[in-house]
Amino acid sequence: MTGPTSGTRPDEIRRHNRTALLRRLHVAGPSTRASLAAELGLNRSTIKALVDGLAQAGVVAERVPAQRSGAGRPSLLVLPQPHAGVVIAIDVRVEQVAMGFVGLGGEILGRDSWNLHHRTRDPGEVITHIVESARLMADDLDVTAVGVGVSVPGVVRRSDGHVHEAPNLHWTGVALGKRLEAVLKLPVQVGNDAELGALAEHVRGAARASSDMVYISADVGVGGGVILSGQPLRGTGGYVGELGHMVVNPRGRRCYCGCDGCWETEVGEPALCRALGLPDDAPRGAVVAALRALDDPSLLDEFADWLALGLANIVNVLGPELVVLGDLYTALPPSLVDSVGAVVQQRSLVSRAVGGTQIVTSPLGRDAKLIGAAELAFEPVLDIL
């Protein structure tokens, strides 16, 4: 753990330690005081003072563990109290919006979702429905939210949540963060959906033990989120992660971005539909069902080749120890994922050098971006609880 620098005032040190303790409990769950002291590099008297203060404020509680081992008095577990800090997580997808109220510790207290059609994709319509649903859910759950996180499939300016472009939603220049803050009266954080998928996998999914990972998301389009040295790669202004728009086939199909042969034209949902013999606009459920019922994996050979080509490029450029395939890719046959991993190792100098970059599917599935939106909202909240 990196502590505050020398010369820092005592109140700043206490605040730093308090936030570190809350983050540890929020991310990793219940722990004893002794374990917290060891993990955070703090002495027991400091941990006692922090836990006592948080317990008095109702942010944590101490309980006897349900399962005991050994003789003698068991050590109490310090548990985060979900209702002590609640955020609203919103995942705006191309065809649906998912919303959850998430408590401290990551517990999803309540959910709602609704489908989007051409008319209801209008930003004003989406914002109105979000606000109405948030108010109803807050009343039903009897909670008060303290922050909001939003996932959007587009290019997002992280400083103020301005959506520069979300092509599959047909959004351009939408001040989503400011508009939501104005009506919800809460601080709002907005991020690119694949970036937040990466954050979710790093905090609560397949990449918890990985410092360098890439998350690849396939909805209608393809996006990527990157964690390097344990930190999200956000780029200038927060505009990063459009891995689906690296050109892999100059003689390929025209992409909506204006280029020919972007990676997502070969491995996005419409490409997968074509490989399966489905219409390009087949419903998501039909695509997943077709993948799970697939009798002839060779139908996906060309798709797998393009997937491996793009992943090899990504591994060579970014050098991750782990690649997590999310969203629609979680329904790919395990044998295909394994074969793609083997091809990436053959084609990538970096993968061979590190002994094989691991390629896995997300255990979080469709919840990844919702969880990532919640974690984005919690980043500033943990400092004020």
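Nothing fancy with the numbering, it's 1 onward along the sequence. Quick caveat, the model's predicted, so the values are computed rather than measured.
- Looking at heavy atoms from C-beta onward, Cys255 lies in side-chain contact with Glu264 at the 4.5 angstrom threshold.
- Contact check for Leu169 versus Val163: no side-chain heavy atoms found under the 4.5 Å cut-off.
- Side chains of His202 and Glu375: a donor-acceptor N/O pair is absent below 3.5 angstrom, by distance only.
- Here CD of Gln189 is found 7.5 Å from CD of Glu181. Values are rounded to the nearest 0.5 Å.
- Rounded to the nearest 0.5 Å, atoms CD1 (Ile47) and CG (Asn17) are 7.5 Å apart.
- The local environment of CG in Asn43 is crowded, with over 12 non-hydrogen atoms from other residues, nucleotides or ligands closer than 6.0 Å.
- Residue pairs meeting the side chain to side chain donor-acceptor pair (under 3.5 Å) criterion with at least one member in residues 294-307, sequence neighbours excluded: Glu266-Trp306, Asp296-Ser298.
- With respect to the salt-bridge test (charged N to carboxylate O, under 4.0 angstrom), the residues Glu195 and Arg158 qualify.
- A donor-acceptor pair under 3.5 Å is absent between the side-chain atoms of Ser348 and the main chain of Gln345, judged by distance alone.
- Partner of Glu12 under the side-chain contact (heavy atoms from CB on, under 4.5 Å) criterion, out of Arg9, Arg14, His16: Arg9 alone.
- No more than 12 heavy-atom neighbours from other residues, nucleotides or ligands sit within 6.0 angstrom of NE2 on His164.
- Remark: Arg24 pairs with Ala28, Ser31, Leu36, Glu39, Leu40 by the side chain to side chain contact (heavy atoms under 4.5 Å, CB included) rule, at least two apart or across chains.
- With Asp219 contributing its side chain and Gly221 its backbone, the two residues share no donor-acceptor pair below 3.5 Å.
- For Arg251 and Asp260, the salt-bridge test fails: no basic side-chain N is under 4.0 Å from an acidic carboxylate O.
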Donor-acceptor list for residues 126-133 side chains, cut-off 3.5 Å, not counting sequence neighbours:
| residue | atom | partner | partner atom | Å |
| --- | --- | --- | --- | --- |
| Thr128 | OG1 | Gly124 | O | 2.9 |
| His129 | ND1 | Trp114 | NE1 | 3.4 |
| Ser133 | OG | Asp112 | OD2 | 2.6 |

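- Within the 3.5 Å criterion, the main-chain N or O of Leu336 finds a donor-acceptor partner in the side chain of Ser339.
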*Apply side chain to side chain contact (heavy atoms under 4.5 Å, CB included) to the pair Leu328 and Val288, showing each step before the final yes or no.*
CA-CA 7 Å; Leu328 187 57; Val288 172; 3.9 Å; yes
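- Atom CZ of Arg254 sits in a crowded spot, with more than 12 heavy atoms from other residues, nucleotides or ligands closer than 6.0 Å.
- The CG atom of Leu22 sits 9.0 Å away from the CG atom of Leu50 when rounded to the nearest 0.5 Å.
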*Does the side chain to side chain contact (heavy atoms under 4.5 Å, CB included) test come out yes or no for Arg93 and Asp193, once each step is laid out?*
CA-CA 8 Å; Arg93 305 167 185 166; Asp193 61 343; over 6 Å; no
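- Val152 and Val148 fall within the same hydrophobic cluster, where Ile, Leu, Val, Met, Phe, Trp and Tyr residues are linked whenever their side-chain heavy atoms come under 4.5 Å apart, directly or through other members.
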*asked:* What verdict does the side chain to side chain contact (heavy atoms under 4.5 Å, CB included) test give for Val86 and Leu109, after you've listed the backbone C-alpha separation in whole Å, the side-chain angles of each residue and the deciding distance to 0.1 Å?
replied: CA-CA 9 Å; Val86 177; Leu109 305 174; 3.9 Å; yes
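- Between Val324 and Leu364, every side-chain heavy-atom pair lies at or beyond the 4.5 Å cut-off.
- When side chains are defined from C-beta on, Leu79 does not count as touching Val60, because their heavy atoms never get closer than 4.5 Å.
- Nearest approach of Leu370 to Ala98, heavy atoms of both residues: CD1-O, 3.6 Å.
- Here Arg15 does not pair with Asp383 in a salt bridge; the nearest charged N to carboxylate O distance is not below 4.0 Å.
- The hydrophobic cluster containing Val222 also contains Val323, counting ILVMFWY residues as joined when their side-chain heavy atoms lie under 4.5 angstrom apart, directly or transitively.
- The minimum heavy-atom distance between Lys369 and Ser151, with the atom names listed, is CB-OG, 3.7 Å.
- For the pair Ala282 and Glu269, the tightest heavy-atom approach, listed with the atom from each and the gap, is O-OE2, 3.9 Å.
- We find the CG-CD distance between Leu228 and Gln231 to be 10.0 Å, quoted to the nearest 0.5 Å.
- Residues His170 and Tyr256 keep their aromatic ring centres 6.0 Å or farther apart.
- Ionic pairing of Arg284 and Glu95 is not present here: no N-O contact between side-chain nitrogen and carboxylate oxygen is shorter than 4.0 angstrom.
- For the pair Ala377 and Gly147, the tightest heavy-atom approach, listed with the atom from each and the gap, is CB-C, 4.3 Å.
- In terms of heavy-atom proximity, Leu141 sits nearest to Phe101 at CD1-CB, 3.7 Å.
- The shortest distance between side-chain heavy atoms of Leu176 and Trp171 falls below 4.5 Å.
- Residues Pro333 and Leu294 come closest through the heavy atom pair CG-CD2, 4.1 Å.
- At distances below 3.5 Å, at least one donor-acceptor pair connects side-chain atoms of Asn316 with backbone N or O atoms of Leu349.
- Under the 4.5 Å side-chain heavy-atom criterion for ILVMFWY residues, a single connected hydrophobic cluster contains both Leu186 and Leu180.
- Residue-environment remark: CZ (Arg44) stays at or below the threshold of 12 foreign heavy atoms within 6.0 Å.
- At a threshold of 4.5 Å between non-hydrogen side-chain atoms, the residues Leu104 and Val59 count as touching.
- For Thr357 and Glu321, the side-chain atoms include no donor-acceptor pair closer than 3.5 Å.
- Here the side chains of Leu325 and Thr330 are not in contact, with every heavy-atom distance at 4.5 Å or above.
- Of the possible polar contacts, none joining the Ser210 side chain to the Asp212 backbone as a donor-acceptor pair under 3.5 Å is found.
- A continuous path of hydrophobic side-chain contacts links Tyr329 to Leu318 [ILVMFWY only; heavy atoms under 4.5 Å].
- In this structure, Asn192 contributes its side chain and Gly154 its backbone to a donor-acceptor pair below 3.5 Å.
- Looking only at distances, no side-chain donor or acceptor of Gln96 sits under 3.5 Å from a matching main-chain atom of Asn115.
- Hydrophobic clustering keeps Val94 apart from Val174 (ILVMFWY residues linked when any side-chain heavy atoms are closer than 4.5 Å, directly or through intermediates).
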*In sequence, state the C-alpha distance, the side-chain angles, and the governing distance for Arg33 and Glu62, and then conclude on side chain to side chain contact (heavy atoms under 4.5 Å, CB included).*
CA-CA 10 Å; Arg33 292 188 182 194; Glu62 292 188 278; 2.8 Å; yes
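- Side-chain contact between Glu201 and Ile371: absent, with no pair of heavy atoms (C-beta onward) separated by less than 4.5 Å.
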